[in-house]
Each structure stands twice: as structure tokens, then as C-alpha cells.
Amino acid sequence: MSATEFLEICVAISLALLVLSFALITIRIVRGPTFADRVLALDMLVSVGIGFIAVIGVKTGFYLYIDIAIALGLVGFLATVAFARYVMHCGDVLGGESAMCYGSDSEKQR
Amino acid sequence: MSGFLDVLVGVMIVIGALFAVVASVGLLRFPDLYTRMHAASKAGTLGSGLMLLALALEAPHLDIFTRAVAGVVFFLLTAPVSAHLLARAAYLTGVKPVPQTEPDDYSRAIGVTRSDPEGER
């Protein structure tokens, strides 16, 4: 077995593992009992997506994918920060409740 | 030399994918938000960082290599910040840790008594 064939097999194995990881994270997003659990699982989903893009870049040899990965990481970080501020201001929105923040009667913690 | 690099890149992406799977299993199996945050922010960042470094080793150009290393450094810097912000926001809005987290210093620091140690969470 040559080294190129070994790399092909490794790419296939890691893509399968990443798909399994996506599926488990999606289960946590659906089930997550609090809103912060869902935000955390979305952050993790972005992180695994960056790894997926890197593996696709290794597979295809098209290295411009790494710019997409960096941009996705930046957007994911800003989205997590924004969701954290949303949780801070509007309280923890449980499942079944309305996801709207009405602002007037939300508790002011700080 | 190129064959050795291919083997090294293959091993690195498989280890990175294994870290991602371990992190997602931890995300699914740990009992509360604050322990899930350990799995997501440590193992998840390590997995994606390993896969980005594998892409950096595979690329033949120096600019791709520096870009990938800069991406890894960026993720290592931002992952603890976002985890800390989310944990602080969740704690201040009343997401309870499991009752086994016994020396809960932060509840004393902000003057909150954990009235129901086993709420819905």
C-alpha cells in the first residue's frame, strides 16, 4: 500500500467520523434542555465544520478552502458571543416558551 | 519524503476526527452545561486545530502554511473566550450545575443561593 492510498483511506475514515460527530451534535441541539446548551452545541458544530472543511481541502488539494475555514471560525465566534449576550439579557429561553425577548420585563441581572 | 508527509497528514486527520467524535460524545453524555462545555471547548478545538495543521503540512506553499497556523492560533484564542462568556451568561440567568459540584464558589461570589439543587436541569 503506497502512501497516497493510505492518505485516501485516512480521509475516508475521518470523513465518516466527522459525519458521526455532526449527527451526535445535532441530537444535542434538538434535545438540549436549556437554550445555552443549544448555543454551545452550535459552537461545537461550527468547530467540527472547520475540521470538515480542512479534511475536504486535504482530499481535493484545493487549498483556498482554508480561507473559508478561517472566515467560518470568525463568524462562529461572533455568533457565540452574540448568543451569550442574548442569553444574558433575555434570560434562558426554555423550549416551548416563546423565543422572543420583550425587553421591558426581562430581569436585569447586572 | 512526500510519502512520509502523506502518512503523517493521514494520521493527523484521523486523530483530529477522533477528537471531534470524543467531544461530541461528551457533549451528548455529560450531565449539565458546565461539564459539556469542557468537552466542546477543549476536545473540539483540539480536533479542528489538528485537522487544520494537517492541511498546513499538506500544502506546498508557505502562504497557505502561515494562514493555517494563524487560523489555529485564532481558534485557540477565541474558544476559551466564547466558552467563558456563555458559561457566565448561563450561570447568571439561573442554569444550575449538577448537585455534585460541591464547592460552588461562584454562587457565593455573586450572592446566589442554590435553592433547588436538582431543578429541571
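Numbered from 1 within each chain, the chains take letters A, B, ... in sequence-line order.
- For chain A, the option among G71(B), S82(B), A79(B), A87(B) with the highest count of heavy-atom pairs below 4.5 Å is S82(B).
- Among S14(A), S21(A), A3(A), the residue with the largest count of heavy-atom pairs under 4.5 Å with chain B is S21(A).
- At a 4.5 Å heavy-atom cutoff, the contact between V25(B) and chain A is made by backbone and side-chain atoms alike.
- In this structure, chain B has a heavy atom under 4.5 Å from the side chain of V48(A), while its backbone stays farther away.
- For chain A, no part of L53(B) is nearby; none of its heavy atoms comes within less than 4.5 Å.
- Contact count versus chain B (heavy atoms, under 4.5 Å) is highest, among L64(A), I50(A), T80(A), for I50(A).
- By the 6.0 Å contact criterion, CZ on F6(A) is enclosed, its count of non-hydrogen atoms from other residues, nucleotides or ligands being greater than 12.
- For the set V72(B), V11(B), V14(B), L27(B), the count of heavy-atom pairs under 4.5 angstrom toward chain A peaks at L27(B).
- Annotation: side chain of L52(B) is in contact with side chain of F75(B) (closest heavy-atom distance under 4.5 Å).
- The candidate with the highest count of non-hydrogen atom pairs below 4.5 Å against chain B, out of I70(A), V58(A), D43(A), L40(A), is L40(A).
- Summarising the local packing, NZ of K42(B) is surrounded by more than 12 heavy atoms from other residues, nucleotides or ligands at distances under 6.0 Å.
- Within a 6.0 Å radius of OH in Y34(B), other residues, nucleotides and ligands contribute more than 12 heavy atoms.
- No other option in A59(B), A43(B), A40(B) has as many heavy-atom pairs under 4.5 Å with chain A as A59(B).
- Of the atoms belonging to L74(A), heavy atoms from both backbone and side chain fall under 4.5 Å from chain B.
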task = Starting from the C-alpha separation in whole Å, work towards a yes-or-no answer on side-chain contact (heavy atoms from CB on, under 4.5 Å) for L17(A) and L18(B).
result = CA-CA 7 Å; L17(A) 288 175; L18(B) 278 176; 3.7 Å; yes
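- Inter-residue side-chain proximity for I53(A) and M51(B) is flagged as unmet; no heavy-atom pair is nearer than 4.5 Å.
- Using modelled atom types, one side-chain atom of R28(A) and one backbone atom of L28(B) make a donor-acceptor pair closer than 3.5 Å.
- For chain A, the option among L85(B), T45(B), I13(B) with the highest count of heavy-atom pairs below 4.5 Å is I13(B).
- Interface remark: of the candidates F52(A), Y63(A), Y65(A), Y63(A) forms the most heavy-atom pairs closer than 4.5 Å to chain B.
- Defined by atom type and a distance below 3.5 Å, a donor-acceptor pair is missing between the side-chain atoms of T66(B) and D63(B).
- Nearest heavy-atom pair, P33(A) versus R36(B), reported as atom, atom and distance to 0.1 Å: CD-NH1, 4.2 Å.
- Heavy atoms closer than 4.5 Å to chain B are found in both the backbone and the side chain of V39(A).
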